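As structure tokens, the structure follows; a few thoughts come after it.
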Amino acid sequence: MTERGFADVAIEAAHAFRVIMQAMARPGRVLDIGADVRAPAPLLPSAAAVALTLCDFQTPVWLSPQLDDERIVHYLRFHAGAPLVAEPQAAQFIFATSADLPPQLGLLQQGTHDYPDRSATLVIQVAGFVPGAVELSGPGIRGRESFGVVGLDGAFWMAMAENHARFPVGIDVIFAAPGQLAAVPRSTAIRMLESA
Amino acid sequence: MNAPAYNFAYLNEQTKRMIRRAILKAIAIPGYQAPFASREMPMPYGWGTGGVQVTASVLTPEDTLKVIDQGADDTTNAVSIRKFFVKTAGVATTEKTEEASVIQTRHRIPETPLTEDQILVFQVPIPEPLRFLEPRETETRTMHALEEYGVMHVKLYEDIAQYGEIATTYAYPARVAERYVFDPSPIPKFDNPKLDGCPALQLFGAGREKRIYAVPPYTRVKSLDFEDHPFEVQRWDQSCALCGTRESFLDEIVMDDHGTRMFVCSDTDFCAKTRGER
């Protein structure tokens, strides 16, 4: 049987969106996601809240191999009605875990210089957050913010720095941990703090 | 018990998802005008349908909403939008800037400094700052893509050549995070410095023109100017006739047929607070 999703769609989606929006507006800040939502493992409820708040029949979704589970597929089809695509390049929303990211972030939809908003949003399931890997600066950040994610190494942050270099085109990333969210949009400049 | 007559905050969930996706991309690309599928609202274009759709998409039941029109809480546009959200979202409302978690505004930024816990939603009539210089959307889009803003500086220069100063007094163009030139909506240029480094998230909705854009918190917003003609805000010789302040934006009110005039704060809440009436 499919998990129920949001307890009350209009209210819980509003709660979830406020957290997602504040996370995107304040890069690197870790926020608690209070929305009442259930999801089939291994899809985290926090990632499911992002999916049910933002995805529908207009947004092609790609699931990484670890998340490409029959129950998750059914859950997203039932609650969001989102078309699932076979290639990450074709997706507007990409759901992956920190262990099986799509190989090249630069191949995801970047938008165009005329329409930079036509770009992918990457949602990465992570175990948690540990500051100290990178220093973030840019819109939404007062001064600088130390940030880091469990299970994401220097190669990932190098790719994110390249993503920022392509601004205004590029992808935006939401990190979904158990009960928490953070985001790093393309507008955020990234400086490595440790050699990985 | 009757079932509620409206979905929470009026809009259906698919519309909110579409608007929410546009808001996130607008935040990720500060100052860029993200297109969205603006809906018909139960009020005419020009009454803040863009702002209303953005507010409806960010509102939660726990919010306290303030709505102002030219700084005032008690004008028709502000009252009707406030009532709209009381009816459709059941949210608490306030006239006090510091009590509000979401503030929808037409043409002003409150005098009371905003905080990180607040969201400011602007109603925007014409989102494209280059529109009166280049009417073709295809061209202005390319100009933004190429960061080609020379024409705007020519316009400001022509002001100086004709009037001796930059004559633009409202909807004064500014550059967001050193990239996109944007129209801060028809706020007086007096309010432009408040856009810069503001701790609150600022969202802009244009309903008829179907665009959403954003200035994230603590983002550099630089009003366009020249080294020898730096950006300046309006100043008055008068102080507010009601509260006596010299710090706020003043409205000039004609009192009779003999030319008697009175200058009062445009921000009614700020004026009442300064007078100690609340």
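Every chain is numbered from 1, with letters handed out A, B, ... down the list of sequences. Everything quoted here is computed from the prediction, not taken from an experiment.
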Given that the side chain runs from C-beta out, which part of [X] has a heavy atom under 4.5 Å from chain A: side chain, backbone, both or neither?
X: B:L203; value: side chain
X: B:S57; value: backbone
X: B:L11; value: neither
X: B:V102; value: side chain
X: B:R179; value: side chain
X: B:Q33; value: neither
X: B:Q14; value: both
X: B:L201; value: both

Should we count CD of B:E62 as having more than 12 external heavy atoms under 6.0 Å? yes
Under a 4.5 Å cutoff for heavy-atom pairs, which residue among [options] has the most contacts with chain B?
options: A:G143, A:G140, A:A183; answer: A:G140
options: A:V184, A:D117, A:T53, A:L52; answer: A:D117
options: A:C55, A:S187, A:P116, A:G111; answer: A:P116
options: A:R142, A:R186, A:M24; answer: A:R142

Ring centroid separation [X] to [Y] under 6.0 Å:
X: B:Y149; Y: B:H144; result: yes
X: B:F84; Y: B:Y10; result: yes
X: B:Y172; Y: B:F231; result: yes
X: B:F36; Y: B:Y213; result: no

In terms of relative ring orientation, are B:Y32 and B:Y180 parallel, tilted or perpendicular, with 30° and 60° separating the classes? tilted
Which class fits the ring pair A:F95 and A:F93: parallel under 30°, tilted 30 to 60°, perpendicular over 60°? parallel
May I ask you to name which of [options] has the most heavy-atom pairs under 4.5 Å with chain A?
options: B:E116, B:K16, B:R220, B:M18; result: B:E116
options: B:P35, B:A9, B:A26; result: B:P35
options: B:T142, B:D63, B:V215, B:L146; result: B:D63

Heavy-atom distances under 4.5 Å only: say whether [X] touches chain B with side chain, backbone, both or neither.
X: A:T112; result: neither
X: A:T59; result: side chain
X: A:F167; result: side chain
X: A:L54; result: both

Which atom pair, heavy atoms only, marks the closest approach of B:T112 to B:E98?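 So the minimum-distance heavy-atom pair works out to CG2-OE1, 4.2 Å.
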For B:F182, is the NZ or CZ atom of B:R175 found under 6.0 angstrom from the centre of its six-membered ring and inside 45 degrees of the ring axis? no
Do you see a donor-acceptor pair shorter than 3.5 Å between the side chains of A:Q109 and A:R118?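 No, no side-chain donor-acceptor pair sits under 3.5 Å.
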Apply salt bridge (charged side-chain N to carboxylate O under 4.0 Å, His left out) to residues B:K25 and A:D172 and explain how you reach the verdict. CA-CA 8 Å; B:K25 289 301 172 190; A:D172 308 303; 2.8 Å; yes
